[in-house]
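Nothing here was measured: the structure is a model prediction, and the numbers come from that model.
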Amino acid sequence: MMPDSELDPAAVEVGSFFPQSPEAVWRALTDPDLLERWLLRPTGFVASVGTHFVFTVPPQLPSAARRRATPLGEIACEVLTARPGEQLTYTSVDLRADRPARWVVDWSIRPDGRGTRLLVTQTGFDISDRRQKMARNALERGWKTGLSRLREVLDHIET
């Protein structure tokens, strides 16, 4: 564990332990149907280097109405690294942002005892820019919530 003084304030790092196998965690990170259940709906996603895909940010509506509504946002991504059961890295750019920033999201998967240690790291924030600093802080909270939802999905999938 790194002391706080060595952490990158411009990066978001959130980790968690899951009692499931690295293969189950990988599946939850790469299966489009499972991704939609805990993160966002991907279009065109395949865990293969060079793949371009889009995450759709749904409006905050009941699920039946959400499918018909115009999305709140679209995040264009490109897969940079795909090592099954070990690491998934992709870029992300909010296509609807006034000043889009390019971020890198990295998922590191490590066996840990009878389960898996998962670390998500998001980099590319310019914290001297007030908006990006606010986005960084919001995304840190968002990843914590996302990992809680991932835990619920993992608890209900067949491995």
Is a side-chain donor or acceptor of Ser21 paired with a backbone partner of Ala24 at a separation under 3.5 angstrom? yes

How far does CD of Glu23 sit from CD1 of Ile109, to the nearest 0.5 angstrom? 9.0 Å

To the nearest 0.5 Å, tell me how far Tyr90 OH sits from Thr81 OG1. 12.5 Å

Enumerate the residue pairs fulfilling side-chain hydrogen bond (donor to acceptor under 3.5 Å, both in side chains) with a member in residues 97-106, sequence neighbours excluded, ordered by first and then second residue. Gln87-Asp106, Thr89-Asp106

What's the separation between atom CD1 in Ile75 and atom CZ in Arg96, rounded to the nearest 0.5 Å? 10.5 Å

Has the side chain of Thr123 got a donor or acceptor atom that lies under 3.5 Å from a matching backbone atom of Ala11? no

Quick one: CD on Glu74 to CG on Leu95, what's the gap to the nearest 0.5 Å? 6.0 Å

Side chain proximity check, Phe53 to Val79, heavy atoms < 4.5 angstrom: yes

So CG of Leu119 and CG of Leu147: to nearest 0.5 Å the spacing works out to 9.0 Å

For Ser92 and Gln122, which heavy atoms make the closest approach, and how far apart are they? OG-NE2, 4.2 Å

Quick check on the hydrophobic clustering: are Trp26 and Trp38 connected, directly or via other members, by side-chain heavy-atom contacts under 4.5 Å? yes

Measuring only between side-chain heavy atoms, which start at C-beta, is Leu39 closer than 4.5 Å to Trp143? yes

In terms of hydrophobic clusters joined by side-chain contacts under 4.5 Å, are Leu139 and Leu35 together? yes

Of all heavy-atom pairs between Ala47 and Ala82, which one has the smallest distance, and what is that distance? O-CB, 3.5 Å

Should Ile157 and Asp31 count as side-chain neighbours, where that means a heavy-atom distance under 4.5 Å? no

Looking at side-chain heavy atoms only, is the closest gap between Val12 and Phe125 below 4.5 Å? yes

Side-chain contact test, heavy atoms from C-beta onward, threshold under 4.5 Å: evaluate it for Phe18 versus Asp112 and give yes or no. no

Interatomic spacing from CG in Leu150 to CH2 in Trp107 - rounded to 0.5 Å: 7.0 Å

Arg136 and Glu140: CA distance, side-chain angles, deciding distance, side-chain contact (heavy atoms from CB on, under 4.5 Å) verdict: CA-CA 6 Å; Arg136 182 237 171 264; Glu140 182 173 37; 3.0 Å; yes

Mind checking whether Ile127 and Met134 sit in one hydrophobic cluster, side chains of I, L, V, M, F, W, Y counted as touching below 4.5 Å? no

Should the heavy atoms of other residues, nucleotides or ligands under 6.0 Å from CZ of Arg131 be counted, would the total exceed 12? no

Can you confirm whether Asp8 sits close enough to Thr121 that some side-chain heavy atom of one is under 4.5 Å from a side-chain heavy atom of the other? no

Closest heavy-atom pair and its distance - Val120, Val105: CG2-CG1, 3.9 Å

Look at the side-chain heavy atoms of Ile, Leu, Val, Met, Phe, Trp and Tyr, link any pair under 4.5 Å apart, and say whether Val54 and Val46 land in one connected group. no

Can you tell me if Arg151 uses its side chain to pair, donor with acceptor, with the backbone of Phe17 under 3.5 Å? yes

Tell me, which pairs form a salt bridge (charged side-chain N to carboxylate O under 4.0 Å, His left out) where one or both residues lie in residues 43-54, sequence neighbours left out? none

Joint cluster assignment, Val93 & Phe55, ILVMFWY side-chain distance < 4.5 Å: no

Please report the closest heavy-atom contact between Asp155 and Gln20, naming both atoms and the distance. OD1-NE2, 3.2 Å

Compare every heavy atom of Pro22 with every heavy atom of Gly85, then report the nearest pair and how far apart it is. O-CB, 3.8 Å

So do Pro58 and Leu40 actually touch side chain to side chain, heavy atoms under 4.5 Å? yes

Of all heavy-atom pairs between Gln132 and Asp126, which one has the smallest distance, and what is that distance? OE1-N, 2.6 Å

